[in-house]
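All figures in this text were calculated on a predicted structure; none of them were measured in a lab. Chain A is the first sequence line, chain B the second, and so forth, proteins listed ahead of strands; every chain is numbered from 1.
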Amino acid sequence: MTTREINGYQLQRVREHVWEIRQEGEMRVPARLLASESLLDQIGDDNTLDQITNATQLPGITTHALCMPDGHQGYGFPVGGVGAIDAENGCISPGAVGFDINCGVRLIRTTLTYDDLRGREEELVNALFANIPTGIGHGGVVETDVETVTEVLDRGLDWAVDEGYATRDDMLHCEDEGRRPDADSAFVSEDAKNRGKNQIGSLGSGNHFLEVQRVSEIFEDDVADAYGLQSDQIVVMIHCGSRGLGHQVCKDYVNRISEEHAEFNADLPDDNLAAAPAGSQVAEAYYGAMGAAINFAWVNRQLLTYQTRQVFDRVFGRSWEDMGMELLYDVAHNIAKKEIHAVDGEDRELYVHRKGATRAFPAGREEVPRAYREVGQPVLLPGSMGTGSYVLRGGDGSLSESFGSTAHGAGRIMSRTQAKREYGASDVQNDLRDHQQIYIKAEDGETIAEEAPGVYKDIDDVVAVSKDLDLADPVARTVPVCNIKG
DNA sequence: ATGTCC
């Protein structure tokens, strides 16, 4: 059996692309990394392996804690981490969901081709940037009050439909139809609601972006047909989350859980993993508050979609309906959700925590929207500004390997601080424009340096592992044309 | 990720 030692951990090769840290000491289950040898080489000396090993100590965790091929260190629980925890006798951990609750990605189709857009990139990127709030503290598409935020939290995309920002068809093409049934705004603090009231319809900062892309390659014709994708087509990808509201919800509950369940958490090696025992009041409260923040993020991405449609209307002088700007799909990659999975041949209800991991359900699962149930759910993997992104479809391997999950993107290989030492904003921006005809506009130049293509792993490597294990299989590849960010 | 520190 092949073994590799990384940062003092022995990784045993279970088979191609599956590595295991054996259960020992306080670990309740083994830890698994789904990665190629070259992706393992890129883990470096950060805390990823400590964190995925720590996660195996969460009470009620089943089978193994997992790290996806794009995984890297986070707060407490790694980004790219998946933890499936018994929903009756286990626990739920806000740190294993992440601060940016329902950070996620959506893709909007158009019937435009690259030729329709070429030569007008500058005009389009400027119009998008002028109409879509980016960065921190610049307001949102709508400025509202706490009462409206409360409605958004409880109703998700139902609110957006009633207000004219979404169509019923948008809802049908969103994970959970854009509305979590267990959401309850009563469990969201006034602080969190206040932070959210002027952020509905705002992109935020960091790795969040809105990108106009060109479909550069199709891998599976029949699935691409079902998804309405073809070569040279223009599509729009939006990557953002629940802004300050989700952040505040996470913080509120990490604090409350640490206080109310100090004994339950006493043996956990990291305060950021603090977990609420299943069935406790605070577990139910967090689940309701998290669902509400999830709804907020869906409305957030929907308002950016609304605004994008308006911008395309004006720039191209045609209605968005005429340009076929329909939602292909919207995936959440920072969530926990009650799902039924087979464990040792027995169906069990689990809190599946996905932090920087995407649900990748195959054909047949009832959670997959009707339009895609024959082929599997769309999985959206954003890459870097220079290398492009992937649309995949959920595969059967996700159910046997990773509780219906795959990666969420390329994954960082260096810190933001290191990125700013290595790259200059205007060099990155000019190089992309002059050599790849990619037009970037950002609120803050530092963000461009922090998000330079070189700070990310190769998305092709991540997708290759996902495909090999049949977690999710590539359907189409896209390359950036215009990108706006915080 | 984040009113980039309550």
Which donor-acceptor pairs under 3.5 Å do the side chains of residues 413-425 of chain A make with protein atoms, sequence neighbours left out?
residue : atom : partner : partner atom : Å
A:S415  : OG   : A:Q418  : N            : 3.0
A:R416  : NH1  : A:E450  : OE1          : 3.4
A:R416  : NH1  : A:E451  : OE2          : 3.1
A:K420  : NZ   : A:E450  : OE2          : 3.1

Is there any protein nitrogen or oxygen under 3.5 Å from a nitrogen or oxygen in nucleotides 4-6 of chain B, and what are the pairs?
residue : atom : partner : partner atom : Å
B:dC6   : OP1  : A:K251  : NZ           : 3.0

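For A:R309 and A:Y306, the positive end is not near the middle of the six-membered ring at less than 6.0 Å and at most 45° from its axis. A cation-pi arrangement is present between A:R412 and A:Y456, with the terminal nitrogen or guanidinium carbon under 6.0 Å from the aromatic centre and inside a 45° cone about the axis. Judged by a 6.0 Å distance limit and a 45° cone about the ring axis, A:K355 is not positioned over the six-membered ring of A:F77.
Using cut-offs of 30° and 60° on the angle between ring planes, the pair A:H208 and A:H239 is perpendicular.
To the nearest angstrom, C1' of B:dT2 lies 12 Å from CG of A:L245.
Among the atoms of the strands shown, only primed sugar atoms or phosphate atoms (P, OP1, OP2) are found under 4.0 Å from some heavy atom of A:G244. Looking at heavy-atom distances under 4.0 Å, A:E446 makes no contact with the nucleic acid at all. Heavy atoms of A:G137 sit nowhere under 4.0 angstrom from any nucleic acid atom.
Distances shorter than 4.0 Å separate none of the side-chain N or O atoms of A:R195 from OP1 or OP2 on B:dT2.
The stretch residues 280-297 of chain A participates, sequence neighbours left out, in these side-chain hydrogen bond (donor to acceptor under 3.5 Å, both in side chains) pairs: A:R180-A:Y287.
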